[in-house]
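Take a look at the structure set out below.
Letters A, B, ... mirror the listed sequences (proteins, then strands); counts begin at 1.
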Number of protein chains: 2
Amino acid sequence: MVGIKEVARQAGVSVGTVSNVINRPETVAEETRTRVQSVIARLHYVRSESARQLRAGASRLMALLVLDMGNPFFVAVASGAERAARQAGLVVMVCNSAQSVSEEMDYLSLFAEHRVRGVLVTPADPTGRSLDVLRGQNIPFVLVDRVGGLDDTGCSVSVDDVAGGRLAARHLVAAGHRAVVYVGGPPELPQVRDRRAGVLAALAEAGLPAEALIDVTAERLDVAAGRDAGARLLGLSPRPTAVFCANDLLALGVLQALFAAGVGVPDEIALVGYDDIEFAAAAAVPLTSVRQPAVAMGRLAAEMLMDETGPDAGRHEHRQVVLQPELVVRGSSLRR
Amino acid sequence: MVGIKEVARQAGVSVGTVSNVINRPETVAEETRTRVQSVIARLHYVRSESARQLRAGASRLMALLVLDMGNPFFVAVASGAERAARQAGLVVMVCNSAQSVSEEMDYLSLFAEHRVRGVLVTPADPTGRSLDVLRGQNIPFVLVDRVGGLDDTGCSVSVDDVAGGRLAARHLVAAGHRAVVYVGGPPELPQVRDRRAGVLAALAEAGLPAEALIDVTAERLDVAAGRDAGARLLGLSPRPTAVFCANDLLALGVLQALFAAGVGVPDEIALVGYDDIEFAAAAAVPLTSVRQPAVAMGRLAAEMLMDETGPDAGRHEHRQVVLQPELVVRGSSLRR
DNA sequence: CAGCACGCATGAATCGTTTCATTATTCGCA
DNA sequence: TGCGAATAATGAAACGATTCATGCGTGCTG
């Protein structure tokens, strides 16, 4: 495998000069530079990133660890982060913890071994201890879709999930529903809990008792779990008239279950999702949903990370950005 | 930052021994091993992957470069690949070329610099020259959803797109349609061309002329482009009765456009998509689609790559695996 | 004309591991 | 008792880049 030494030899210069041609071309005389560059091209020389990083210290990798790659919401976050990072010359490596704490720890260790420039993470571990491996290596991270823990608070970008839940529930209550089924996921997830809290708040505002919230808990936050939850909520009596799901995948699953059972949406049951993924608008019945600014979150998170690791990282201040969600009303919640 | 040297010093052993504790624990005495391990834990020592890779030569990274992360089909491919790779102790880094040749080249160069173990790629560049940077570094790659070029043929996993197109068109012809609109994407993409060829074959089988295929070309293969194409095909005269889209995202977009125009599906226009993504079944009208074994493709591709780079890579033989697609009939193509 | 600054190139030291030939120690067995 | 084998640990040489103090020659300035 041809290295910098071979290039130097064939170009008749020292390795230091070749390195300069690559990294600080302006410090090398025109004539030398082109000669070296042509040798590089001729030999198909490709610099070894591991050697570079070992000596220079800094990696060009930024990691993004999401809860569920199957969820278009996270795909949108990833694309926002990727765009911002690439403008700064970084590559984003996107990984999927699939909501498993052990997967998450595996990945974070790997990131630490790679000495990545920084990590954007939507933690699966509610305790936040899995991030210790990053803290130990002084690898900065930004929490995405989750505000910091108690003790130390680094940067984070999130959306006000309580407000989102409230928006959804207010909308349903305003349409005359006196009880709301909340199809949540694993209760360890703060997003799931916060959205539920928003529902409770909205019910209280309307003078309804806490019992007006009926919990149906899905195993995971995906379409299959939603179908399952949908079947279960049809068994409730009295049959609910309003259903709010912790995300759109669940809502689409619920919708399929209701469809299969011949239950009309929105006539018999009004349905609201969360995230406003692209497919929500294209659903069997266009889905009312709480929109999160996913791409912006990804972009912001990446920018904050780069500020923290960039040239003037000294003057970096941790920020906890909280964005506001927005209700998008479509057919699934509109009584005809 | 604590390195192997510091661990060795505090444990009272040589660096070689520490390395052995990490990489070949069975070769070091029980007592020494636990002592070293406890020092590692106490100091939060994390090995430097770049140093490891520089010396040992082999990376633990496998790259996956897809055409469009926004397409659930590729997400499924990624999850199949990831699962297989992780069982072999590799991490997959998923990147998105977004069908841009220059993005693709950037990423492939980066992979080459990182000396990744191998690359799974759905090439955006139809010439295949962008893969030269990998060939130059002897980095093996597996083509996903695309058979090899002309000169050299490495491994590939693909689905018979001609057969898929034929399945879709046969289905429409059997339902009595005498002409079919094909909503394709960028004609450089072999997938787009092959599916079209399948349509032509099915029309020929049925004794229909080639003019029975009407082309509508979308800019990209996503929902927005589909909406656009949908609006355009409504301007055709006579108005078509059957539409086949190069993928489900386009089909969902077309569906939205038809919906917006008040055109009934399947009554006025029958619609067939491709990929059978999860959201096809949940669409406004459940979408008939050609199913591809996406997860299996990802898994197979990763396995083939690992065979090529694994312990007995010497006996590796390149294979071009072609899988068969399957038609899933749903409401969007069933005349009531 | 001495002195200085500047532009360019050099080459050795360094990053943190792995690997391997070598040494030291113990053990079993004739 | 002596010897070969097996077992543990050592320490130095890579791996392939970056970086930096150094040297050399040129042109400018006072």
Side-chain H-bond candidate by donor/acceptor type, B:Q191 with B:D145, under 3.5 Å: yes
Comparing B:A51 and B:T27 on DNA chain D - which has the more 5′ nearest nucleotide: B:T27
Sugar-phosphate, base or nothing in reach of A:G3, heavy atoms under 4.0 Å: sugar-phosphate
Spacing of B:Q320 atom CD and B:C155 atom SG [to the nearest 0.5 Å]: 7.0 Å
Sugar-phosphate, base or nothing in reach of B:S50, heavy atoms under 4.0 Å: nothing
Euclidean distance, atom CG of residue B:L54 to atom C1' of C:dC15 [Å, nearest integer]: 9 Å
A:R86 to B:Y107 six-membered ring, cation-pi geometry met (6.0 Å, 45°): yes
Of B:G16 and A:V2, the one whose closest DNA chain D nucleotide lies more 5': B:G16
Sugar-phosphate, base or nothing in reach of A:V13, heavy atoms under 4.0 Å: sugar-phosphate
Integer-rounded Å distance: C:dA9 C1' and A:E30 CD: 16 Å
Donor + acceptor pair across side chains of B:R52, B:N23 (<3.5 Å): no
Rounded distance (Å) that lies between atom P of C:dC8 and atom CZ of A:R35: 14 Å
Short side-chain N/O contact to C:dG16 OP1/OP2 from A:R115, under 4.0 Å: no
side-chain N/O A:R24 vs D:dT19 OP1/OP2, d < 4.0 Å: yes
Side-chain N or O of B:S19 closer than 4.0 Å to phosphate OP1/OP2 of C:dT17: no
Interatomic distance, A:I4 CD1 vs D:dC15 P [rounded to whole Å]: 15 Å
Protein-nucleotide distance (A:R52, atom CZ; C:dT17, atom C1'), rounded to Å: 17 Å
Gap between atoms CD and C1', on B:Q53 and C:dG16 respectively (whole Å): 13 Å
D:dA9 OP1/OP2 closer than 4.0 Å to side-chain N/O of B:T17: no
Under 4.0 angstrom between B:R33 side-chain N/O and D:dA8 OP1 or OP2: no
Spacing of B:M1 atom CE relative to C:dT17 atom C1', expressed in whole Å: 16 Å
Close side-chain approach of A:V91 and B:D106, heavy atoms under 4.5 Å: no
Residue pair B:S97 / B:S100, side-chain donor-acceptor N/O under 3.5 Å: no
First of A:E31 and B:V18 reached from the 5' end of DNA chain C, by closest nucleotide: A:E31
Closest nucleotide among C:dT17, D:dA8, D:dG16 to the B:S48 side chain: C:dT17
Euclidean distance, atom CZ of residue B:R9 to atom P of C:dT17 [Å, nearest integer]: 15 Å
Closest to the A:N20 side chain, choosing from C:dT17, C:dT18, D:dT19: D:dT19
Minimum-distance nucleotide to A:R55 side chain [options: C:dA9, D:dT10, C:dT14]: C:dT14
Contact under 4.0 Å: B:T32 side-chain N or O vs D:dA9 OP1/OP2: yes
